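Quick note: numbers below take in every heavy atom, side chains included, and nothing from hydrogens, waters or symmetry partners. Each chain gets a letter, A, B and so on, in the order its sequence line appears, and its residues count up from 1. Nothing here was measured: the structure is a model prediction, and the numbers come from that model.
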Amino acid sequence: MKVLYFAWLRERLDRSEDEVAPPAEVETVTDLVDWLAQRDEVLAAALEKRSIFKFAVDARIVPPQTPLAGADSVAILPPMTAG
Amino acid sequence: MKVLYFAWLRERLDRSEDEVAPPAEVETVTDLVDWLAQRDEVLAAALEKRSIFKFAVDARIVPPQTPLAGADSVAILPPMTAG
Amino acid sequence: MSVEVITGSFDPGAAYSEFLAGARGIGAGVVFTGVVRSTHERPITALILECYVELATNEIEAIRRSAVDRFALAEAHIIHRHGRLLPGEPIMQVMTLAEHRGAAFDGAQYLMDYLKTDAPFWKKEETADGSKWVEPVAADAVARLRWEQT
Amino acid sequence: MSVEVITGSFDPGAAYSEFLAGARGIGAGVVFTGVVRSTHERPITALILECYVELATNEIEAIRRSAVDRFALAEAHIIHRHGRLLPGEPIMQVMTLAEHRGAAFDGAQYLMDYLKTDAPFWKKEETADGSKWVEPVAADAVARLRWEQT
């Protein structure tokens, strides 16, 4: 599964994506983000204010409690500034 | 002094303007309209619902109680439908 | 030129391009275009717009200045046609330019709401059965009121 | 094509002309254009827009459909650029078409308010002193809320 990073989160991590294979108990987007944060201090620090982020599974914005079942990609999205 | 008529008021009167010389006691726009209505039954009937009309003196919309002093033209304006 | 009261047609997109050309460094542009409507339920062959041109020019310029002041617009431009117009043709257009989108949208809506009730134009619809003056819409008077209460 | 997520520039007026070309018989068109701002107080040399293109396309199309349904729009079109943009260039444009002006204005404002908070674009300002990500504006979150309360 791919994890995608954008904007200042991408810059802070110095990469735009990770290829990961989380264990079976990582069931939801929230579980995945927790699991990623445990393995990466920089990510953990960047995600400190977790509530400001949105998440997308396979290019659709979803609530954090969404199950990962079968997902190819999960994106972690800092607050957007379109328009 | 010219009195200008527009839209359905112009059609009902079958003319777009009158050249008039009201007496000195006709001091305001309201006075003028009253004076015109006394002289013209068709105009009196057309102006029955007086409150729906607006008035312009020398190409500026003005309140009905505006003095005529020195005016070159007074326009009687049916409800507008711009836009 | 910020107010145009014209008889010929105009190109809404070209007019907008020209308006925006002066927008360097300004963030938000809004346009409203009114187009002659002809629907299946009420087909018309033409729309005749009568106008008191001198008053229209004065009145629209006054409305424009009041919008520019009230919403701190960087620019505002109004085009309004009169004469005989065909279905699908543009009748009028307002364009506003402001630092932020709220002011640009509010300015354009304010201009429309005031034009509807205060600009000396009168519409007559031409149909297969003859022609008829368009009645003013009560909603237009209500739309205008909101700007007096705020 | 009702949603365009593009890197090249576009001509706001030409895009509006093309949009209106399909408007025969529809009364009201509204456009909003966002332009790259560079002010005396905060001069920038460029605006970099990062985008998650696939998500942007999906999300903007979802917002577009919701606006069309909610305001009974005859048509709605959104153009949004990404990449490196210069001051004075258009960033994005929304265009709506409806029977009456209220729906056209509301539809365009709704689209803007949702795009601001839900479309995956991130702005970075490039200045003489370096570059900096643009902070989201609290007013944008508030602007969006009004559509949830009505």
Are [X] and [Y] close enough that some pair of their side-chain heavy atoms sits under 4.5 Å apart?
X: C/Val31; Y: D/Met95; value: no
X: C/Gln109; Y: D/Arg101; value: no
X: D/Leu20; Y: C/Thr33; value: yes

* Asked: Among D/Gly29, D/Gly102, D/Pro43, which residue forms the greatest number of heavy-atom pairs with chain C at distances under 4.5 Å?
  ->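 Of D/Gly29, D/Gly102, D/Pro43, D/Gly29 has the most heavy-atom pairs under 4.5 Å with chain C.
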* Side chain, backbone, both or neither: which part of C/Ala14 has a heavy atom under 4.5 Å from chain D? ->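 Contact with chain D: backbone only.
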* **Residue part contacting chain D, namely of C/His100, when any heavy atom lies under 4.5 Å** =>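 The side chain, not the backbone.
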* Pick one of side chain, backbone, both or neither for D/Ala143, based on which atoms fall under 4.5 Å of a heavy atom in chain C. =>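 Contact with chain C: side chain only.
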* Asked: Does any heavy atom of chain C fall under 4.5 Å from the side chain of D/Glu18, the backbone, both, or neither of them?
  ->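 Contact with chain C is absent: no heavy atom of D/Glu18 under 4.5 Å.
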* To do: On the 0 to 90° scale, with breaks at 30° and 60°, tag the D/Phe105-C/Phe32 ring pair as parallel, tilted or perpendicular.
  =>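 D/Phe105 and C/Phe32: parallel rings.
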* Give the minimum heavy-atom separation between C/Ser17 and D/Gly13, together with the two atoms involved. =>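 So the minimum-distance heavy-atom pair works out to OG-CA, 3.2 Å.
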